[in-house]
**Student:** 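Sharing a structure here in structure tokens format.
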Number of protein chains: 2
Amino acid sequence: MLEKPDRAIRVAIVEDNTGVREGLSFLIDGSPGLSCVGAFGDAESFLAAADRLRSNVVLMDIDLPGMSGIDAARRLKAQQTPSLIVMLTVYGDDEQIFESLRAGACGYLLKTTPPAQLVDGITTVYRGGSPMSEAIARRVVASFQRPTPKDLALADLTRREREVLDLLSRGFRYREIAAQLDIGLETVRTHIRNIYDKLEVRSRTEATAKYLGGDLV
Amino acid sequence: MLEKPDRAIRVAIVEDNTGVREGLSFLIDGSPGLSCVGAFGDAESFLAAADRLRSNVVLMDIDLPGMSGIDAARRLKAQQTPSLIVMLTVYGDDEQIFESLRAGACGYLLKTTPPAQLVDGITTVYRGGSPMSEAIARRVVASFQRPTPKDLALADLTRREREVLDLLSRGFRYREIAAQLDIGLETVRTHIRNIYDKLEVRSRTEATAKYLGGDLV
DNA sequence: CCCTCAATCCCACAAAAGGGGGAGGCAGCC
DNA sequence: GGCTGCCTCCCCCTTTTGTGGGATTGAGGG
């Protein structure tokens with residue numbers, strides 16, 4: 001039952017707007033090397049069909065009637081189906097970007113993406129890349145940069161204290177830290193007390209949270 | 001003192017290999033809209049000159065004699081100079097990628113990047129994007145996805161145990177956890193023992209690392 | 001009814017961590 | 001020469017954790 005050339009990248013579409021959906025389907029089938037193997041108006045019907053589709057790439061809208069595209073991505077990942085998911089949406093707010101990536105999306109394109117770049121994005125994700133609209137990529141990258149409230153406090157730490165804190169946050173015991181730095185256990189304790197003073201914390205876990213910038217508490 | 005057209009993107013290069021450095025300089029000056037305003041063989045001399053360069057984009061090698069490109073990026077960010085930093089290196093290991101991004105890099109390109117895409121990357125980062133080689137982008141995106149080895153172990157935890165683990169990972173003491181859950185201290189201890197058993201860890205920090213999916217150790 | 005399991009609590013002991021104090025050596029600075 | 005900051009180590013003590021054994025209740029299933 002071959003309807004399409006076998007080597008083409010099998011693309012599925014989940015998009016509730018009929019016009020957009022058909023436009024995408026048309027674009028994909030009109031692109032050499034790409035084949036649209038399914039187009040769905042909601043996440044539920046897509047998930048129901050996902051198994052037999054054997055799609056390589058899924059273009060997923062986020063704002064769908066019923067289940068959201070993000071939840072759909074999560075479900076798809078939970079299944080055995082190893083599709084590459086590219087979110088295709090009008091929203092570019094941090095919340096949805098990071099939720100999507102956590103849910104397993106490999107790419108994130110805005111609907112303003114020109115057709116040629118959309119096609120390029122599909123081949124890119126299939127090649128092992130992660131297509132993202134420019135502004136999206138910047139936000140993703142920016143998320144790695146510590147907002148630096150911690151850097152201020154951490155800036156007061158001496159070199160040695162930083163070393164100790166680093167090891168401390170990795171879970172090493174005092175004696176293990178002492179061994180690694182080749183100093184005495186009491187010295188480690190002194191450093192740690194000074195670190196706690198400067199960071200205004202009272203335990204290893206709190207210090208780790210501050211060090212890693214994770215505002216856990 | 002205008003040596004170059006004023007509207008060109010001012011690009012600085014930090015790269016210890018002379019041949020590569022000159023090649024990059026040549027490429028940039030030969031690209032319309034780009035101007036190489038400085039090329040340095042080490043981080044120190046670049047940082048010393050950074051103020052007067054007024055570069056918009058810095059192409060930064062990582063493996064340099066003396067200070068590493070990552071440290072240089074950190075320093076540059078610490079200065080007031082608001083240059084956009086694009087790492088350009090042969091290394092693509094996770095450690096260096098994420099350290100670079102944390103240090104403030106806005107892009108990460110491998111040296112295998114073709115000249116045309118390199119030029120494109122410079123304009124992209126100047127436009128507000130974050131150029132990354134395909135494999136790099138995928139790693140960055142993948143870092144958001146909980147590797148889910150933890151989910152498997154975590155799946156065995158009971159509802160109560162999850163609650164305790166969550167509080168435990170936030171640094172609360174046993175008695176504080178007990179108070180919040182309105183149970184006895186001994187019960188908390190029992191839960192924690194069971195959690196440690198199931199997660200196969202022996203300390204709070206290890207449990208936290210597994211819970212947060214952060215492979216700290 | 002018996003069994004399992006989650007959830008609760010208890011005792012005891014050892015190891016680790018946290019908090020107070022003090023102190024010496026050494027480098028750099030005024 | 002004094003002063004300061006960093007690194008180093010020591011004492012004593014309390015609190016918190018980790019580990020070993022238990023036990024009881026209640027819900028749910030075979």
**Student:** Which part of the nucleic acid, if any, lies within contact of A:Arg193, taking any heavy atom under 4.0 Å across all strands shown: a base, the sugar-phosphate backbone alone, or nothing?
**Tutor:**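 Base contact.
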**Student:** Toward the 5' end of DNA chain C, which comes first, A:Arg173 or B:Thr187, by nearest nucleotide?
**Tutor:**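 Nearer the 5' end of the strand: B:Thr187.
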**Student:** Is the phosphate of C:dG18 approached by A:Tyr174 (side-chain N or O, under 4.0 Å from OP1 or OP2)?
**Tutor:**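 Yes, within the criterion.
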**Student:** Determine, for A:Arg202 against A:Glu206, whether the closest basic-nitrogen to carboxylate-oxygen distance falls under 4.0 angstrom.
**Tutor:**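 Yes, charged N to carboxylate O under 4.0 Å.
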**Student:** Look at A:Thr158 and D:dC7 and indicate whether a side-chain polar atom (N or O) is within less than 4.0 Å of OP1 or OP2.
**Tutor:**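 For D:dC7, OP1 or OP2 has a side-chain N or O of A:Thr158 closer than 4.0 Å.
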**Student:** Indicate, with a heavy-atom threshold strictly under 4.0 Å, whether B:Arg189 touches base, sugar-phosphate, or nothing.
**Tutor:**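 Base contact - B:Arg189 has a heavy atom under 4.0 Å of at least one base atom.
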**Student:** Less than 4.0 angstrom between a side-chain N/O of B:Arg204 and OP1 or OP2 of D:dT17, yes or no?
**Tutor:**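 Yes, within the criterion.
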**Student:** Categorize B:Thr190 for me: base, sugar-phosphate, or nothing, with a 4.0 angstrom heavy-atom threshold over every strand shown.
**Tutor:**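 Base: the residue B:Thr190, judged by heavy atoms under 4.0 Å, touches a nucleobase.
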**Student:** Please determine whether a side-chain nitrogen of the Lys or Arg among A:Asp166 and A:Arg170 lies less than 4.0 Å from a carboxylate oxygen of the Asp or Glu.
**Tutor:**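 Judged by the 4.0 Å cut-off on N to carboxylate O distance, A:Asp166 and A:Arg170 do form a salt bridge.
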**Student:** Over 60° means perpendicular and under 30° means parallel, so classify the ring planes of B:Phe98 and A:Phe144, tilted if in between.
**Tutor:**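 Answer is parallel, since the angle falls under 30°.
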**Student:** Expressed in angstrom and rounded to an integer, what is the separation of A:Asn194 atom CG from C:dG20 atom P?
**Tutor:**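 Those two atoms, CG and P, are 12 Å apart.
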**Student:** For D:dT19, does OP1 or OP2 lie under 4.0 Å from any side-chain N or O of B:Arg202?
**Tutor:**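 For D:dT19, neither OP1 nor OP2 has a side-chain N or O of B:Arg202 closer than 4.0 Å.
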**Student:** Which nucleotide in the list D:dC11, C:dT8, D:dC7 gets nearest to the side chain of A:Arg159?
**Tutor:**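 Output: D:dC7.
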**Student:** Let me know the distance between CZ of B:Arg175 and P of D:dT17, rounded to the nearest Å.
**Tutor:**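 Rounding to the nearest Å, CZ of B:Arg175 and P of D:dT17 are 8 Å apart.
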**Student:** Between C:dT8 atom P and B:His191 atom NE2, what is the distance in whole Å?
**Tutor:**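 In whole Å, C:dT8 P lies 4 Å from B:His191 NE2.
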**Student:** Any salt bridge between A:Glu200 and A:Lys210, counting N to O under 4.0 Å?
**Tutor:**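 Salt bridge flag = no for A:Lys210 with A:Glu200.
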